**Q** 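The structure's right below; bear with me while I get my questions together.
Keep in mind that this is a model prediction, so the values were computed, not measured. Start at 1 and go down the list; that is how both ligands and their atoms are numbered.
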Amino acid sequence: MASTDAPPLDANRYRQDFPILSSVLHGDQPLVYLDNAATTQRPRCVIEKIVEVYERQYANVHRGIHWLSDQSTDLFEEAREKTRRFINAPLREEVIFTTGATGAINLVARSWGDANLQAGDEILVTEMEHHSNLVPWHQLAERSGCRVKFIPITDEGRLDLEQLPALLTEKTKLVAFTAVSNVLGTINPVVEIVEQAHQAGALALVDAAQSAPHGRNDVQAWNADFVAFSGHKMLAPSGVGILYGRASLLDAMPPFLGGGSMIHRVTMDGFEPAELPAKFEAGTPPIVSAIGLGAAIDYLEDIGVDNIHHYAQMLTQQAHDVLEEVGGVRFFGPPPAEKAGIVSFTLEGIHAHDVAQILDQYGVAIRAGHHCAMPLHKRLGVAASNRASFYFYNTPEEIDALADGLRAAKRVFRR
Ligand code: C6P
């Protein structure tokens with residue numbers, strides 16, 4: 001994710017595009033939405049695109065030999081092409097629509113994993129993984145007898161890459177890691193890790209769920225074998241995500257789900273799978289959500305992904321500064337300049353859920369809990385944390401509102 005000297009973007013201008021951001025909660029509290037790592041909000045252009053498709057261009061894709069189906073298919077494939085460009089994938093066949101990052105990673109674990117891994121093999125993940133990039137590998141280990149090993153993190157919340165050479169052995173078949181931690185905000189050195197995985201003869205899967213909304217995700221520059229992300233974290237409707245896979249790998253992999261669309265021919269005795277990408281898109285796909293993802297990508301590219309990254313980092317720095325002044329805040333993860341819009345913390349002596357509940361009374365929405373990263377929280381020595389996560393439509397005033405809410409929580413609990 002490149003950082004540029006682009007001028008700060010005008011968040012207030014973009015806010016006008018998001019109807020939900022003018023909500024007023026509990027009678028008189030303006031919504032302060034700081035839960036963007038869980039899911040972002042949708043701009044009017046995405047909402048209007050969805051309505052337009054349902055009102056005028058909706059039919060099932062690929063099947064119908066009728067005008068409406070052609071319309072719908074064209075829009076669906078256009079969205080695939082926009083996504084291909086967004087991640088700089090060489091081929092449209094390498095862009096598979098899934099249900100989300102979770103669906104994409106499970107696809108790889110079930111299809112590539114079941115076909116290629118056996119007892120004695122190893123998969124390397126990291127201590128900062130979301131459960132979606134952990135449980136599918138544990139499940140694969142249960143099925144195949146392979147082993148899941150962990151790249152540890154340092155006390156500063158970075159990956160301890162000094163350990164990587166020793167962890168990579170001839171048994172390692174896959175290194176599956178997140179580009180950005182959904183808890184620590186850490187931006188990981190993707191190119192370096194992929195390169196080391198390849199040198200050891202392993203493949204590399206990048207979980208880009210948190211990086212896709214926040215900057216450049218160039219699968220060719222990364223040289224990644226698989227990349228997974230979700231539409232709903234980057235302004236698109238929920239229910240759609242992407243698996244990028246190197247064509248040579250996807251070609252060799254057996255289909256994951258069976259059903260309509262993914263076949264070339266079916267007989268009483270069996271079936272022949274379709275070509276890519278259909279082979280991995282069984283059943284009716286998330287048609288309108290995918291088209292909405294295309295509209296979201298247009299909108300993000302208009303703002304500029306580097307500008308978004310730069311701006312979120314500025315808010316992250318501000319959040320560290322003002323929360324520091326609140327007192328009693330323990331931050332997790334590296335310094336703000338190394339984070340992608342995510343600030344996790346605990347407030348001394350107050351449970352994370354209580355903090356979030358009090359903030360909610362002030363209209364401030366953050367996440368509290370383990371954020372689907374229980375092994376990481378164990379490593380951090382806490383059961384739960386609070387997480388504020390920013391996007392380009394958040395303002396410095398909203399970060400101040402977060403700090404005010406935390407002061408209120410301290411007053412309530414007399415800390
Ligand atoms: N993290 C969060 O609040 P899905 O649910 O499939 O869209 O994305 C899963 C996922 C995978 N990897 C990372 C790094 C993620 O952050 C997420 C989703 C949300 O942190 C919801 S738990």
Side-chain angles (χ1 to χ4, degrees), residues 1 33-42 83 87 96-110 125-139 150-151 153 157 159 175-188 190 193 204-215 217 222 224 226-244 256 286 289-290 292-293 296 312 332-333 339-345 352-353 356 365-377 380 384-391:
M1 286 187 293
Y33 187 76
L34 303 179
D35 197 15
N36 294 288
T39 195
T40 58
Q41 298 299 343
R42 278 105 204 82
T83 310
I87 59 172
I96 312 289
F97 283 120
T98 66
T99 52
T102 305
I105 296 168
N106 275 273
L107 190 165
V108 177
R110 287 277 170 179
V125 297
T126 83
E127 277 184 342
M128 62 168 79
E129 293 314 309
H130 184 280
H131 296 164
S132 289
N133 196 28
L134 207 44
V135 180
W137 309 119
H138 280 320
Q139 290 175 305
F150 289 79
I151 305 172
I153 61 164
L159 287 178
V175 181
F177 66 99
T178 193
V180 167
S181 161
N182 72 315
V183 178
L184 305 169
T186 317
I187 301 168
N188 288 323
V190 175
I193 299 169
L205 179 148
V206 181
D207 177 351
Q210 295 295 346
S211 65
H214 278 274
N217 288 250
W222 284 352
F226 299 109
V227 176
F229 59 99
S230 298
H232 70 93
K233 291 188 199 291
M234 47 184 286
L235 312 181
S238 58
V240 69
I242 297 294
L243 172 67
Y244 158 80
F256 167 40
S289 295
L293 174 61
F332 299 103
K339 293 182 177 184
I342 291 174
V343 177
S344 290
F345 58 92
H353 284 124
I366 64 163
R367 191 168 171 186
H370 54 63
H371 320 305
C372 300
M374 288 175 93
L376 174 59
H377 277 78
L380 298 173
S385 63
N386 290 112
R387 183 187 69 187
S389 49
F390 316 121
Y391 215 20

**Q** Is the side chain of Asp35 donor-acceptor paired with the backbone N or O of Ala365 at a distance under 3.5 Å, no angle test?
**A**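 No, Asp35 side chain to Ala365 backbone: no donor-acceptor pair under 3.5 Å.
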**Q** Could you establish whether Gly241 and ligand 1 come within less than 4.0 Å of each other, counting only heavy atoms on the residue side?
**A** no
**Q** Is there at least one pair of N or O atoms, one from Gln210 and one from ligand 1, spaced under 3.5 Å apart?
**A** yes
**Q** With a heavy-atom distance limit of 4.0 Å, tell me whether Glu129 approaches ligand 1 through its side chain, its backbone, both, or neither.
**A**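 It is neither; nothing of Glu129 touches ligand 1.
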**Q** Just which atoms of ligand 1 are under 4.0 Å from any heavy atom in Thr178?
**A** 14 (C)
**Q** Tell me if the aromatic rings of His377 and His371 count as close, with their centers under 6.0 Å from one another.
**A**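 Yes, ring centres under 6.0 Å apart.
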**Q** Under a 4.0 angstrom heavy-atom cut-off, which atoms of ligand 1 come close to Arg387?
**A**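 Checking each atom against Arg387, I get 2 (C), 3 (O), 20 (O).
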**Q** With a 4.0 Å heavy-atom cut-off (strictly under), which part of Thr102 contacts ligand 1: side chain, backbone, both or neither?
**A** both
**Q** Is the side chain of Thr186 donor-acceptor paired with the backbone N or O of Gly157 at a distance under 3.5 Å, no angle test?
**A**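 Answer holds: yes.
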**Q** Within the 3.5 Å criterion, strictly below it, is a donor on Ser132 or Thr102 matched to an acceptor on the partner's side chain?
**A** yes
**Q** Could you pull out, from His130, His370, His371, the option with a heavy atom nearest to atom 22 (S) of ligand 1?
**A**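 Among His130, His370, His371, the closest heavy atom to atom 22 (S) of ligand 1 belongs to His130.
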**Q** Look up atom CG in Asn106 and atom CG in Leu243, then write down how far apart they are to the nearest 0.5 Å.
**A** 11.0 Å
**Q** Compute whether any side-chain donor of one residue and acceptor of the other, for Asn217 and Ser211, lie under 3.5 angstrom apart.
**A**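 Per modelled atom types, Asn217 and Ser211 side chains form a pair under 3.5 Å.
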**Q** Do Arg367 and Cys372 come close enough that some side-chain heavy atom pair is under 4.5 Å?
**A**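 Result yes, sub-4.5 Å side-chain heavy-atom pair found.
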**Q** Does only the side chain of Ser230 get under 4.0 Å from ligand 1, or the backbone, or both, or neither? Count heavy atoms.
**A** side chain
**Q** Among His131, His232, Lys233, Arg367, which one puts a heavy atom closest to atom 3 (O) of ligand 1?
**A** Arg367
**Q** If the cut-off is 4.0 Å to any non-hydrogen atom of Asn182, which atoms of ligand 1 fall inside it?
**A** 2 (C), 16 (O), 20 (O)
**Q** Which protein non-hydrogen atom lies closest to atom 14 (C) of ligand 1, naming both residue and atom, and how far is it?
**A**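 Result for atom 14 (C) of ligand 1: Asp207 OD2, 3.5 Å.
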**Q** So Ile342 and Gln210, do their side chains get closer than 4.5 Å, heavy atoms only?
**A**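 Sidechains of Ile342 and Gln210: in contact.
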